[in-house]
Structure formats: C-alpha cells, structure tokens
There are 2 protein chains.
Amino acid sequence: MKTSNEISSCKTCVYRKLLFDSLTDEEYLMVNKSRKEFIYSRGEIIRKEGDSIDSFIYLRSGLIKLYKTDKNGKDHILSLNKSGDFISLLSIFSNSEYKYSIAAVEETKICVIDLNSLRQAVDTNSKFALRVLNRMSRVSDDIIESQFEIRQRQVKGRIAYFLLFLTNKIYRSHEFRLPITRREIGELISMTTENTIRTLSEFKKDGIISMDGRTINILDYERIKGISNTG
Amino acid sequence: MKTSNEISSCKTCVYRKLLFDSLTDEEYLMVNKSRKEFIYSRGEIIRKEGDSIDSFIYLRSGLIKLYKTDKNGKDHILSLNKSGDFISLLSIFSNSEYKYSIAAVEETKICVIDLNSLRQAVDTNSKFALRVLNRMSRVSDDIIESQFEIRQRQVKGRIAYFLLFLTNKIYRSHEFRLPITRREIGELISMTTENTIRTLSEFKKDGIISMDGRTINILDYERIKGISNTG
DNA sequence: TTAGTCATATGACATATATCATGGTTTGCG
DNA sequence: CGCAAACCATGATATATGTCATATGACTAA
C-alpha cells in the first residue's frame, strides 16, 4: 500500500454524484478535508475482518474482493466490487469492527474519509442520510442476491453465472482477463479449485468460450446463458 | 389475514426502545397515527416479492420466513425472524418493490406504518435516521452471515447449525417444536427434503436429539456443537 | 366415509462433487 | 538468472448428495 502522491480530482469522481451531491458546499468541504488516497496492488489486504472501523472507504478505481475466513482457515468470497459500488458502508453503522475482509484483486485506488466527518454529515443533513441508507441497502441486497443465485445452481451453472457476471457487470465486454485465480473463483461460488478448472476446461472444449491462461473470450453467449439458467 | 380488533399497547413494544425511542413525542404521534395491526396465521403470505413497498412493517409477535422463489419455482428461505428483528427495512430505501416474500410460519401479529410518515421522520430527525441505518444494516448482516455459515458446511453440519440456531436464537431452550416442515428446513439450508429427514433421523438414532414429530429435544448439546463445527 | 393432499419416512440407485495424486506452467523475487 | 511458490491441469477414486420409488399417518374437502 502506498499513499497516492497526486490527489485525484473530485470533479470526475462518480461518488460526487452518487453520494456527495446532496451535501452543502460547507459539509462537502468538511468531509473532504479528512480525505486521503491510497493505492493497493494485487493481493494486498485493505482491511481485515476484526479491524476497527474508523473510516469510510470507497473505491476510485480497481477491483476488490470482500471475503470472510471460516474456522478452518478457508476463505469465502462474498462479492467482487468495482468503482461505483459501495463497500465500507455495509458495517459502519451497525458494528465497530469489520465483519469482512477487503483485499485488492488488481491495482486499486481508494479514498478514505474520517468516519466522524461522515457521521456528522448524516447527523445534520437528512437528505444525505437517506442517500446513504439507499446506497447501503443496495450493497447488501446485491450480496444476498448473488448468494441466492449461486446456491440454486450446480457447478456448471455457477461458472456460467460467474462468466455472465464478468461479461455484463464488470467488463461490459465478451473478452476479458479473469481478475482472480481459479482458486478464488471457487471461493466465490463455493466449489473446489479442481472443479472450477475442470468446468472452465470443459466450456473451452465445448467451444462456448476460448481460454488462454486468464484470457477469456465468450464465444457462445446464449449457450452460457442457457447453462446458467438450467445447470 | 385479519385486522386485530384490540390494538396492542405500544408501551410494551420492543420497538419502542429499539427504534422509536429517538423520536420526539410529536414525531411519534405522527408515525403512530398511521399504524395498523394485522394478524396472519401459519402459511399466510404477508408480502410477495414484487409487491410495491408502501409501508414499513415490523413483527409484534410470531415468526416469519423471508424467502425468494427461483425460476424453477423452488423456494429458498433466507431467514427466519421473530419479534425484535427488522424485516421490512431491508428494501424500503433502495427499492420500490419487495425483493423477497414474507410469510408467517406461525400465528403472527404485525404493525404496519405508512412509509411516508417514516420517511418524514427520517428526514427531520437525524438521530432516528441513524438508528434506522443501524438496524437496517444489522438485518442484512445477519442474512449474509447465516448464508456464509451454511455454505461452508455439509448436510450434517447444516442441520446441526440449524438446531443450534433454534436452541439459542429462537427458543432459548433445549426443547422446542420445529416451527417449519422438513421441506422448509431444506429450503433454508439448501438441501433436499429427503436428506433433511434422513439426517434428523440419524441424529435421533445416535441419541443426540430426541424427536417425536415436530417436537425436538436437544440431548447432547456439545456433540451437536461439534458436528456444527466440523461436519 | 372416502378420496386426495401433504408431511414424514426409508431404501436403492444415480449423479455430482470432493479428494488425492501427480506433473507441467507461470509468477515473483533474491 | 534460477529457485520456490503459487497456479493450472487432468485422471482415478471416494464420498456426499440428489433422485426415484414406495409406504404410512394426519388432515381436509367433498
């Protein structure tokens, strides 16, 4: 992790519209005064479950995973999030400690705001508070929904679902580089690394994707959609 | 469903302390003016996914399930909730429609408040807004956590986990009546009805529970805990 | 009462998934 | 560069889980 040396402009920040739009200039300045930027590279842990929550975090760029380690030491990934998603909101009002760990899965830039500034803004600006409420519940809804989708499918359906997620939600393209290892894919969709690998290989053999290492090409989108819906 | 004929006193309501404590008398009166009570019996659907959200609901007594139907028509239960838990908060600020269905699994009394009154209170009372924020994120956290716990276990561990949930969270007793059918247990912990039945029978045969129909007695709590932790 | 539905129950069998073993390949780092 | 550690890959096998068939009791509607 390193501190960003040139501070990004807030003018171009998606969160300006998503969240901070409803703040007065004065409130915005107060919140912004405590703002710091950090850059994490692939694999670095941004926050660990159990860490105390003293700040509000949002992603400027990059990709992170939200995950939790079970008592056997096995990680389970709850979600992948990109800039524009909210992550840290999830726990900050109900817990004093993070319930999940956050790690960068690619080079990621975050903004960190002192939690007290945010609380004060929520306290004095109810429109902002509602905005936060709205955004916060959306994060949780997304996690719950994806877990719901995953748990009703079996191996092939889960892989198909994951590929569609990357295609439609993350990259908006039929060609992309897998952002995570096959092991991590398994941790995300609750299956073993071996079966993840096998299933991807099978999709390749069947000609519905092409695959070279991490590079994936969606060749038969409709068929993958079919597998996601039935298998 | 029927309208309650005698209105319960708010004096004894847990939500008075949990949530409405931070309202001024005036605000409370406004919120309370729109309040209505309804009683649902076992099996009745309180809200269906897709229904438009125009009210805020909380449980006065009873037990409900939050569930979602997949495209094959199979139900998946997300959580069981009792009085004191929040349910309707989950979506009301991020969606105009319910994302989950709510049904009574035993005789259940709910209070319904006009959503506009609540919104207005959030709008004018930031302390209340924070309280709502706090409560809301806790609901989601609970669902996400239980899904996390379920998905890392296999059949026996899931049943054990479910029995501990009833013992510790719902009934606070080692003896209770299963509130839901074995089919519903399967829908909650993602396994087939047959395997649910089989596993319960096995627990009975092994002497760690006694079971007569829906009546369960936890005979060897520690052993169940062990199974929940390892299997 | 009778037929029908649903919940519980259990066995036999099919299938999905995990585990174990083993090797090749890439990646990171001193 | 060269080594170690991950990652990727695939087969053989074990195990967990689902599916199908069948039976019984409880309850309900006609």
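Nothing here was measured: the structure is a model prediction, and the numbers come from that model. Residue numbers start from 1 in every chain, and the chains themselves are labelled A, B, ... in the order their sequence lines are given, proteins ahead of strands. As a basis for the values below, the full set of heavy atoms in this structure was taken, side chains included, without hydrogen atoms, waters or symmetry mates.
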Atom [atom1] of [X] to atom [atom2] of [N]: distance rounded to whole Å?
X         : N       : atom1 : atom2 : result
Asn195(B) : dT15(D) : CG    : P     : 17 Å
Ile197(B) : dT19(D) : CD1   : C1'   : 14 Å
Arg183(A) : dA18(C) : CZ    : P     : 14 Å
Leu200(B) : dT10(C) : CG    : P     : 11 Å
Ile159(A) : dC8(D)  : CD1   : C1'   : 14 Å
Glu202(B) : dA16(D) : CD    : P     : 10 Å
Phe203(A) : dA9(D)  : CZ    : C1'   : 17 Å
Arg151(A) : dT17(D) : CZ    : P     : 15 Å

Is the ring pair Phe86(A)/Tyr15(A) parallel, tilted or perpendicular, if the boundaries are 30 and 60 degrees? perpendicular

Charged N to carboxylate O below 4.0 Å: is that the case for Glu202(B) and Arg198(B)? no

Closest nucleotide among [options] to the [X] side chain:
X         : options                  : answer
Glu194(A) : dT19(D), dT8(C), dT19(C) : dT19(C)
Thr192(B) : dT19(D), dT27(C), dC8(D) : dT19(D)
Arg182(A) : dT17(D), dT8(C), dC8(D)  : dC8(D)

For Ser201(B), which contact category applies under a 4.0 Å heavy-atom criterion: base, sugar-phosphate, or nothing?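 Answer is sugar-phosphate: Ser201(B) comes under 4.0 Å of backbone atoms only.
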
Could you check whether Arg214(A) gets within reach of a base, just the sugar-phosphate, or nothing at all, counting any heavy atom under 4.0 Å? sugar-phosphate

Residue whose nearest DNA chain C nucleotide is more 5′ - Arg42(A) or Arg198(B):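 Looking at the nearest nucleotide for each, Arg198(B) comes out on the 5' side.
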
Run the ring-centre check on Tyr98(A) versus Tyr100(A) and record whether the distance is less than 6.0 Å.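 No: the rings miss the under 6.0 Å criterion.
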
Is the distance between the ring centroids of His76(B) and Phe148(A) under 6.0 Å? yes

Could you tell me the separation between the CD1 atom of Ile159(A) and the CD1 atom of Ile227(A), rounded to the nearest 0.5 Å?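 So the gap between those two atoms works out to 10.5 Å.
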
